[in-house]
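First up is the structure itself, then whatever we jot down about it.
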Amino acid sequence: MASATLSAITAPLRAYGAVVLEGYEEPHAEVMALVWGPRFDREHALRLLERRPGYVPQVLHDVQKAADMFDRLADAERDRLRALIQRHRSRWDNVPATH
């Protein structure tokens, strides 16, 4: 997968993920649910965004664009993206708590 494609697909997550996923016990599982199947789960994305209504207009276009790009990826590229999400989760899980 070209790094430009990966960057474009993950741009909304990098920009708005902390706010949209705030309060979820397993934010990586929520992200993985978006890309688990052969097509991006747009309904799940909308449910996530609806929790933060002020962000929907800002993010919706970017998420739709990322979803369309994901849908065009080859199976191997989708698997690589999922592996990257899992790798990020394992790194996240190993970060010391800052309480």
Side-chain angles (χ1 to χ4, degrees):
M1 171 177 3
S3 63
T5 301
L6 177 61
S7 292
I9 290 173
T10 60
L13 184 58
R14 286 191 314 274
Y16 304 105
V19 172
V20 172
L21 297 170
E22 181 182 16
Y24 281 99
E25 190 172 316
E26 296 286 337
H28 290 90
E30 298 299 330
V31 173
M32 191 64 86
L34 296 171
V35 297
W36 188 252
R39 295 184 45 84
F40 189 93
D41 190 339
R42 289 162 175 79
E43 290 179 24
H44 186 68
L46 286 174
R47 284 192 302 274
L48 292 173
L49 291 173
E50 286 171 350
R51 291 183 60 243
R52 304 284 191 222
Y55 281 86
V56 173
Q58 296 171 321
V59 183
L60 196 55
H61 175 73
D62 292 340
V63 170
Q64 180 64 45
K65 201 164 115 180
D68 291 343
M69 281 191 266
F70 177 81
D71 290 350
R72 289 191 299 266
L73 292 175
D75 290 342
E77 293 172 321
R78 289 186 193 131
D79 290 342
R80 180 165 181 254
L81 179 60
R82 292 177 191 119
L84 290 171
I85 295 167
Q86 290 174 326
R87 188 173 84 197
H88 186 272
R89 180 182 184 174
S90 70
R91 288 181 178 173
W92 181 267
D93 289 345
N94 289 318
V95 173
T98 56
H99 302 277

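Heads up: numbering here begins at 1 and tracks the sequence.
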Inset, instruction - Kindly determine whether T10 and L84 satisfy side-chain contact (heavy atoms from CB on, under 4.5 Å), including the steps that lead there. - result: CA-CA 11 Å; T10 60; L84 290 171; over 6 Å; no
Output yes when a side-chain donor or acceptor of [X] lies under 3.5 Å from a complementary backbone atom of [Y], and no otherwise.
X	Y	result
D71	F40	yes
R51	V20	yes
R78	P38	yes

Contact check, side chains of [X] and [Y], non-hydrogen atoms, under 4.5 Å:
X	Y	value
S7	R14	yes
M32	Q86	yes
R52	E22	yes
I9	V35	no
H44	L49	no

Legend entry - Rounded distance [0.5 Å steps], CD in E30 versus CD in E25: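 Taking CD in E30 and CD in E25, the distance rounds to 10.5 Å.
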Legend entry - Gap between atom CG of L6 and atom CZ of R80 - 0.5 Å precision: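 With rounding to 0.5 Å, CZ (R80) is 6.5 Å from CG (L6).
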Inset, instruction - Output all residues satisfying salt bridge (Lys or Arg N to Asp or Glu O under 4.0 Å) with R47, sequence neighbours left out; order by chain, then residue number. - result: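 Salt bridge (Lys or Arg N to Asp or Glu O under 4.0 Å) list for R47, sorted by chain: empty.
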Legend entry - Ion pair check, D68 and R42, cut-off under 4.0 Å: yes
Inset, instruction - Check the pair L46, V63 against side-chain contact (heavy atoms from CB on, under 4.5 Å), reporting the backbone distance first and the verdict last. - result: CA-CA 9 Å; L46 286 174; V63 170; over 6 Å; no
Legend entry - Step-by-step side-chain contact (heavy atoms from CB on, under 4.5 Å) determination, L34 to L48: CA-CA 10 Å; L34 296 171; L48 292 173; 4.2 Å; yes
Legend entry - Set of residues satisfying side-chain contact (heavy atoms from CB on, under 4.5 Å) with respect to D62, sequence neighbours excluded: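 Expected list: P12, Y16.
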Inset, instruction - Kindly give the heavy-atom pair with the smallest separation between M69 and A8, and that separation in Å. - result: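 Reported closest heavy-atom pair: CE-CB, 3.2 Å.
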Legend entry - Heavy-atom closest contact (F70 atom, R39 atom, distance):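 Residues F70 and R39, closest heavy atoms: CE2-C, 3.9 Å.
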